[in-house]
Every structure is written in structure tokens, then in C-alpha cells.
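Below is one structure, written out as C-alpha cells; the observations come after it.
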There are 2 protein chains.
Amino acid sequence: MLKELEGAVLGYIFKVGPCTAYQVRKLLKESPSSRWRGSAGSIYPLLERLERQGLIEANDDPADGRAKRDLAITNNGKKALKAWVKAGATRELVAEISDPVRTRVFFFDALTPNEQARLAKDMLSALEEFLSLSRESLKSRESSGSALNHLGALGAVMSNQARVTYLREVVKALEEKR
Amino acid sequence: MLKELEGAVLGYIFKVGPCTAYQVRKLLKESPSSRWRGSAGSIYPLLERLERQGLIEANDDPADGRAKRDLAITNNGKKALKAWVKAGATRELVAEISDPVRTRVFFFDALTPNEQARLAKDMLSALEEFLSLSRESLKSRESSGSALNHLGALGAVMSNQARVTYLREVVKALEEKR
DNA sequence: TGTGACATGTAATATGTTACATGATTGA
DNA sequence: TCAATCATGTAACATATTACATGTCACA
């Protein structure tokens with residue numbers, strides 16, 4: 001079974017069609033909510049792996065002097081992608097969510113009440129900024145783009161809305177305590 | 001600066017007081033929404049690192065024939081923990097959220113409409129089960145436990161509620177499309 | 001002509017996983 | 001007594017990061 005990054009990379013190649021490793025890296029780097037940096041050291045070996053397994057095919061594109069390799073998903077690749085997406089409906093995978101903000105709140109005891117209140121507000125600001133970003137991304141997909149792209153962006157917005165609401169609760173609770 | 005797992009482990013030792021590596025592993029393994037498995041191969045080297053840096057101290061506890069080492073956070077450890085928690089208010093960290101369910105929805109194009117509808121419903125079931133779990137955890141903290149423990153559990157519940165609401169939207173949108 | 005984006009890749013390092021290895025204690 | 005839990009740790013492997021290395025192309 002594909003790992004998370006492998007699935008995401010293969011999925012990108014499926015969605016955008018034949019593209020270079022460089023473009024895949026760029027997508028990962030520019031993705032607003034990304035746990036991956038799209039580093040060369042991860043992407044190139046990963047793509048070699050996918051190619052060896054016959055999940056992608058590479059064609060040298062002699063458009064210019066640059067050593068350009070266009071990557072395309074194969075039929076086996078589509079099968080593997082399908083299997084990976086379908087594996088999303090398990091308790092274990094659903095539980096593999098991680099949110100560094102919640103992790104931090106969990107360890108707020110380490111701070112003084114004043115520090116807690118200050119930090120909660122700062123986190124809230126950072127989160128609100130991030131929410132704005134995801135809202136803009138949603139809006140840009142509303143006009144052009146498929147229904148599924150819209151649903152993807154909607155997920156980010158709803159998640160960040162919930163995080164903002166949560167942090168407001170935290171700020172309120174900390175104020176009441178004082 | 002501490003990494004995520006280092007911060008979490010140090011935070012656990014801070015919160016529960018002197019405890020063994022085994023207990024830390026158990027907490028990580030049993031944590032409902034965990035991205036880490038608490039494997040021995042990650043925890044023991046990590047604790048060695050923290051000890052070498054003077055962030056924790058170990059005392060051999062000759063309670064019985066077992067080679068038991070009680071780990072306690074030091075003053076420097078508390079400082080490091082504080083710094084790590086406070087580093088949570090940046091755009092970069094706030095963006096480091098990851099949700100395998102949303103990732104999967106993003107690549108739904110790879111499936112047929114029927115498969116999409118089926119999977120969305122299955123994911124919803126898995127998520128609802130997971131939401132129940134986090135609600136129970138919240139309830140158990142309501143009676144006993146600090147306000148901060150309550151806030152931590154509340155974060156999980158609110159996050160999972162948002163995820164469920166989102167997936168219901170997805171299910172609805174997919175049905176309308178057909 | 002030089003800077004930034006395009007394009008590929010490797011090396012050293014960090015950090016996590018599974019599987020293995022060992023032994024003591026508790027309780028049915 | 002035997003299985004589960006407590007308790008520590010290592011070895012092999014997988015996978016990601018940063019930093020390095022090389023070269024082309026577009027455009028100001």
C-alpha cells in the first residue's frame with residue numbers, strides 16, 4: 001500500500017496530468033496546509049520508487065536543453081491510487097489527524113496563566129490569518145474548477161473555522177479563570 | 001528547538017510527573033488521535049537525547065528486580081518545554097495540520113461516482129465512531145481533571161465534529177451530482 | 001550580463017517504524 | 001504454570017529534511 005506522501009504525489013500526477021518532478025515539488029511546497037516540504041531528497045527517490053513499481057512512466061521531453069522528464073500515471077498507477085484512496089475509511093487512518101495547535105494547548109500547564117492567555121491570542125491571530133487564506137483558495141475554486149476541487153478547499157475552510165472557534169473558547173475559558 | 005514528538009514526550013513527563021519510558025510509550029500508543037506509535041526505537045533514543053541535553057533526569061528505581069528508570073523533567077527541561085509551546089503561534093506551525101480524510105477527498109477524482117459515494121459514507125461511519133470516542137474522553141474529563149485537560153479534549157471533539165459535518169456535506173454533494 | 005525560475009539529482013543527517021532480544025512481575 | 005504486562009533496549013530499514021552540486025532558459 002502507498003504511504004501518505006506517495007499517494008499524494010501519485011494523486012497530483014493523476015490530477016494535473018503529465019508533469020515534471022519539479023512541478024510536483026512546487027505543488028507540495030506551495031500547498032497552503034502542507035506537512036511536507038517537497039524536498040528534492042524526498043521527491044526524486046520517491047518518484048524512482050513509483051517508476052520501478054510501474055505506477056508512473058517517464059518520457060524525456062527534449063523541448064530544450066534542460067533534462068526534462070515528463071511523468072505520467074500508468075494504469076497500474078491508477079489502480080494503486082484507487083486502492084490508496086479507498087483505504088481512507090478505517091478507524092486507524094481517521095485517527096491519524098494531527099494539529100500542532102491542539103498539541104500545544106494540551107501542554108499549556110507549563111505556562112503561567114498570563115503566558116497562556118497571551119499565547120492563545122497569538123495562536124488565534126495566526127489561525128485567523130490561515131483561515132483567510134483557505135477562504136480565498138475556496139473562492140478561487142468556486143468560479144473555475146470541478147466540484148471535487150471545491151469540496152477539497154471546503155474541507156480546509158471548515159477545519160480552520162472549527163480551529164478558530166475552538167481557540168476562541170480557549171481564550172474565553174482562560175479569561176474566566178483569571 | 002524541540003521537535004513535535006520531543007515536545008510531546010517532554011510535556012507528558014512534565015504533566016504526569018516522574019515515570020518510566022514504558023509509561024510514556026503507553027500514553028503515546030493509547031492516545032486516541034495519535035500520529036505516533038510510541039515505538040521503542042523512537043522513544044528510547046529520544047529520551048537519551050533529552051537526558052544528554054539535561055532536559056530530563058533519570059533515577060534508577062530498585063523497587064524490584066526490573067531495571068526501572070524514573071524520568072523527571074529538570075528546570076532546563078521546563079524552560080525548553082515552555083519555549084516549544086510558545087513557538088506554536090506562527091503561520092508555519094499553524095499550517096502543519098494534516099488530515100488523511102481530507103487528503104483522500106482531494107483525490108476522489110480517481111474513483112467512479114459510485115465508488116466516491118460509497119467511500120464517503122464509509123469514511124463518515126469511521127469518523128462518527130471516532131467522534132464518539134473523543135466525546136467519551138471529554139465527558140470523563142469533565143468530572144475529574146483540570147480545566148486545561150478539559151480544553152484539550154474539547155479540541156478533539158470540536159475538530160471531529162467539524163470533520164463529520166464536512167463529510168456529510170461531501171456525501172450530500174455527491175448525491176446531488178448523481 | 002546576471003538574477004531568478006526551471007530542472008535534475010546526491011550526500012549527510014535526522015527521525016521514525018517494525019521486528020527482534022532479554023528478563024522480571026502479576027494474577028488467573 | 002503460563003500468559004499478559006512491565007521494563008529496557010538494539011538492528012535493520014524506511015522515509016523525510018537540509019544542504020550541496022550542476023546546468024539551462026527567460027527576461028530585465
Side-chain angles (χ1 to χ4, degrees), chain A residues 1-10 12-13 16 18-31 34-53 56 58-71 84 92-93 95-96 98 100 103, chain B residues 1-10 12-13 16 18-31 34-53 56 58-71 84 92-93 95-96 98 100 103:
Chain A
M1 179 66 62
L2 296 169
K3 306 287 173 201
E4 287 300 288
L5 181 52
E6 287 172 341
V9 164
L10 190 57
Y12 272 131
I13 295 173
V16 307
C19 61
T20 63
Y22 184 87
Q23 283 176 280
V24 172
R25 289 185 61 199
K26 215 178 149 193
L27 277 169
L28 284 168
K29 276 190 235 171
E30 288 167 5
S31 162
S34 183
R35 58 191 270 202
W36 298 291
R37 314 208 184 269
S39 55
S42 65
I43 298 307
Y44 286 98
L46 185 154
L47 290 170
E48 268 173 39
R49 240 150 48 217
L50 295 184
E51 202 180 341
R52 251 202 325 275
Q53 291 170 57
I56 56 173
N59 283 305
D60 287 344
D61 180 348
D64 52 31
R66 281 181 282 202
K68 200 172 146 189
R69 274 160 55 87
D70 273 318
L71 309 166
W84 174 75
E92 300 83 55
L93 200 94
E96 261 173 43
S98 82
T103 311
Chain B
M1 180 64 64
L2 296 169
K3 306 287 174 202
E4 288 299 290
L5 182 53
E6 288 173 339
V9 164
L10 190 56
Y12 272 131
I13 295 173
V16 307
C19 62
T20 64
Y22 184 84
Q23 284 176 280
V24 172
R25 290 184 59 200
K26 215 179 150 193
L27 278 168
L28 283 168
K29 276 190 236 171
E30 289 168 3
S31 163
S34 186
R35 59 191 269 201
W36 298 293
R37 316 211 181 262
S39 56
S42 65
I43 298 307
Y44 285 98
L46 185 154
L47 290 170
E48 267 172 37
R49 240 150 47 216
L50 296 184
E51 203 179 341
R52 251 202 325 276
Q53 291 170 57
I56 56 172
N59 282 305
D60 287 346
D61 180 350
D64 52 31
R66 281 182 280 203
K68 199 173 148 190
R69 275 159 56 87
D70 273 319
L71 309 166
W84 174 75
E92 299 84 55
L93 200 94
E96 262 173 41
S98 81
T103 310

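Basis for what follows: all heavy atoms, side chains included, without hydrogens, waters or symmetry-related copies. Chain identifiers are assigned alphabetically (A, B, ...) following the order of the sequence lines, protein sequences preceding nucleic acid strands; residue numbering begins at 1 within each chain.
- Between Ile56(B) and Val9(B) there is no side-chain heavy-atom pair separated by less than 4.5 Å.
- The side chain of Ser42(A) places an N or O atom within less than 4.0 Å of a non-bridging phosphate oxygen (OP1 or OP2) of dT17(D).
- Annotation: side chain of Ile43(B) is not in contact with side chain of Tyr22(B) (no heavy-atom distance under 4.5 Å).
- Lys29(A) has its NZ atom 10 Å from the P atom of dA5(C), to the nearest Å.
- The closest donor-acceptor contact from the side chain of Arg25(A) to the backbone of Gly38(A) lies under 3.5 Å.
- A pairwise comparison of heavy atoms in Trp84(B) and Met1(B) identifies CA-SD, 3.7 Å as the closest pair.
- If you take CG of Leu47(B) and P of dT10(D), they are 12 Å apart, rounded to a whole angstrom.
- Where the helix from dT1(C)-dA28(D) to dA28(C)-dT1(D) starts and where it ends, the local axes point in directions that differ by 30°; five pairs per end, rounded to 10°.
- Rounded to a whole Å, the CG atom of Leu5(A) is 16 Å from the P atom of dG16(C).
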Do any N or O atoms of the protein come closer than 3.5 Å to N or O atoms of nucleotides 5-8 of chain D, and which pairs are they?
{"unit_1": "dC6(D)", "atom_1": "OP1", "unit_2": "Lys26(B)", "atom_2": "NZ", "d": "3.4"}
{"unit_1": "dC6(D)", "atom_1": "OP2", "unit_2": "Tyr22(B)", "atom_2": "OH", "d": "3.0"}
{"unit_1": "dC6(D)", "atom_1": "O4'", "unit_2": "Arg66(B)", "atom_2": "NH1", "d": "3.2"}
{"unit_1": "dC6(D)", "atom_1": "O2", "unit_2": "Arg66(B)", "atom_2": "NH1", "d": "3.4"}
{"unit_1": "dT8(D)", "atom_1": "OP1", "unit_2": "Arg69(B)", "atom_2": "N", "d": "3.1"}
{"unit_1": "dT8(D)", "atom_1": "OP1", "unit_2": "Arg69(B)", "atom_2": "O", "d": "3.4"}
{"unit_1": "dT8(D)", "atom_1": "OP2", "unit_2": "Ala21(B)", "atom_2": "N", "d": "3.3"}
{"unit_1": "dT8(D)", "atom_1": "OP2", "unit_2": "Tyr22(B)", "atom_2": "N", "d": "2.8"}
{"unit_1": "dT8(D)", "atom_1": "OP2", "unit_2": "Tyr44(B)", "atom_2": "OH", "d": "3.4"}

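- Glu30(A) contributes no side-chain N or O that, together with a main-chain N or O of Leu27(A), makes up a donor-acceptor pair within less than 3.5 Å.
- Contact check for Gln53(A) versus Glu48(A): no side-chain heavy atoms found under the 4.5 Å cut-off.
- For Arg35(A) against Ser98(B), the heavy-atom pair with the smallest separation is CD-CB, 3.3 Å.
- Distance alone, capped at 3.5 Å, is enough to place a donor-acceptor pair between the Ser42(B) side chain and the Ser39(B) backbone.
- OP1 or OP2 of dT17(C) sits under 4.0 Å from a side-chain N or O of Ser39(B).
- Atom CZ in Arg37(B) sits about 13 Å away from atom P in dT15(D), given to the nearest Å.
- We find that CD of Glu4(A) is positioned 10 Å from P of dA16(D), with the value rounded to whole Å.
- Distance, Lys3(A) NZ to dA16(D) P: 9 Å, rounded to whole Å.
- Residues Lys29(B) and Arg37(B) fail the side-chain proximity criterion, which asks for heavy atoms closer than 4.5 Å.
- Rounded to an integer number of Å, the gap from Arg35(A) CZ to dT15(D) P is 13 Å.
- Regarding Glu48(B), its CD atom lies at a distance of 14 Å from the P atom of dT15(C), rounded to whole Å.
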